[in-house]
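For reference, the structure is listed below as C-alpha cells.
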Amino acid sequence: MHAWLMKSEPDECAIDDVLAAPKHRTPWSGVRNYQARNFMRDTMRVGDGVLFYHSSCAEPGIAGLAEIATAAYPDPTQFDGQSPYYDPKSTPSAPRWFCVDVRALRKTRLVPVSELRAHPSLAKLWTLRPGNRLSITPVSATEWKFICGKLL
DNA sequence: GCCAACGTTGGC
DNA sequence: GCCAACGTTGGC
C-alpha cells in the first residue's frame with residue numbers, strides 16, 4: 001500500500017464536506033499539475049491511505065483520514081467549458097487530466113504544519129520540502145505509521 | 001496581502 | 001530547446 005498527503009482548501013472542500021457527501025466520497029478533480037496527475041494515474045491504488053490536508057487557510061495542517069476509492073479516470077471538468085478547470089487542449093479521446101475518488105474515513109484533530117515540521121521523524125516528508133507546491137505528495141510507510149500512531 | 005519558489009508558456 | 005515572463009501556490 002502507498003500513502004499520500006492530499007491538499008484541499010477547506011473553503012472549497014473540507015474534510016467535513018466529504019464526510020457529509022454521499023458515501024463520504026468526492027472526486028479529486030481539478031488537479032492541473034503533471035507530477036500530481038502522474039501520481040494519481042500511475043501509482044495510486046484503491047485502498048491507499050490519505051492524509052487529508054487543509055491548505056491556504058487559517059490553520060493549515062492534517063485534518064482527517066481518507067482513502068483512495070477508485071482508480072484514476074479522466075477528470076470530467078477538463079471538458080466542461082463552464083468549469084474553471086476547463087482545458088481546451090484536452091480531448092475525450094486523449095484526456096490530459098485524471099482524477100480519483102477519495103473516501104473520507106474520519107476527521108482527526110488538526111495537526112498543524114508547524115507541528116509536522118517540528119518532528120525529526122518527518123524531516124523528509126515530501127510536502128515539507130522547501131518550495132514544495134505539489135498538492136498530492138507521497139508519504140512513506142514509516143511516516144504514515146508515525147503520523148497515524150503518534151500524532152492523530 | 002506579501003513574496004519566495006516553482007511550473008508552464010511561448011517567442012526566438 | 002533555451003529562457004524570460006508570467007501565473008500559481010501556500011505559509012506567513
### Message
Once you measure the plane-to-plane angle for A:Tyr34 and A:Trp97, does it fall in the parallel (<30°), tilted (30-60°) or perpendicular (>60°) bin?
### Response
tilted
Using atom [atom1] of [X] as one end and atom [atom2] of [N] as the other, report the distance to the nearest whole Å.
X: A:Ile62; N: C:dG10; atom1: CD1; atom2: P; value: 15 Å
X: A:Leu128; N: C:dG11; atom1: CG; atom2: P; value: 10 Å
X: A:Glu115; N: C:dG11; atom1: CD; atom2: P; value: 15 Å
X: A:Asn132; N: C:dT9; atom1: CG; atom2: P; value: 13 Å
X: A:Gln35; N: C:dT8; atom1: CD; atom2: C1'; value: 16 Å
X: A:Leu5; N: C:dG11; atom1: CG; atom2: P; value: 10 Å
X: A:His54; N: C:dT9; atom1: NE2; atom2: P; value: 17 Å
X: A:Asn33; N: C:dT9; atom1: CG; atom2: P; value: 10 Å

Quick one: which of [options] gets closest to the side chain of [X]?
X: A:Ser56; options: B:dT8, C:dC12, C:dG10; result: C:dG10
X: A:Val113; options: B:dT8, C:dG10, C:dC12; result: C:dC12
X: A:Lys89; options: C:dG10, B:dG10, B:dT8; result: B:dG10

Going by atom type alone, with no hydrogens or angles, which donor-acceptor pairs under 3.5 Å involve a side-chain atom of residues 49-63 of chain A and a protein atom two or more places apart or on another chain?
unit_1  : atom_1 : unit_2  : atom_2 : d
A:His54 : NE2    : A:Ile15 : N      : 3.1

### Message
I want to check one thing: is the phosphate of C:dT9, taken as OP1 and OP2, less than 4.0 Å away from some side-chain N or O of A:Lys7?
### Response
no
### Message
Tell me whether the side-chain N/O atoms of A:Tyr85 come closer than 4.0 Å to OP1 or OP2 in C:dT8.
### Response
no
### Task
Indicate whether any N or O donor in one side chain lies under 3.5 Å from an N or O acceptor in the other, for A:Asp80 and A:Tyr85.
no
### Main-chain N/O of A:Leu151 paired to A:Arg109 side chain as donor or acceptor, under 3.5 Å
yes
Pairwise N/O distances under 3.5 Å, protein to nucleotides 5-7 of chain C:
unit_1 : atom_1 : unit_2   : atom_2 : d
C:dG7  : N2     : A:Arg133 : NH1    : 3.3

### Query
Got A:Ile68 and A:Arg45 here, is their nearest side-chain heavy-atom distance under 4.5 Å?
no
#### Entry: salt_bridge(A:Asp75, A:Arg32) N-O dist < 4.0 Å
yes
### Query
With sequence neighbours left out, what residues match A:Arg117 under side chain to side chain donor-acceptor pair (under 3.5 Å)?
none
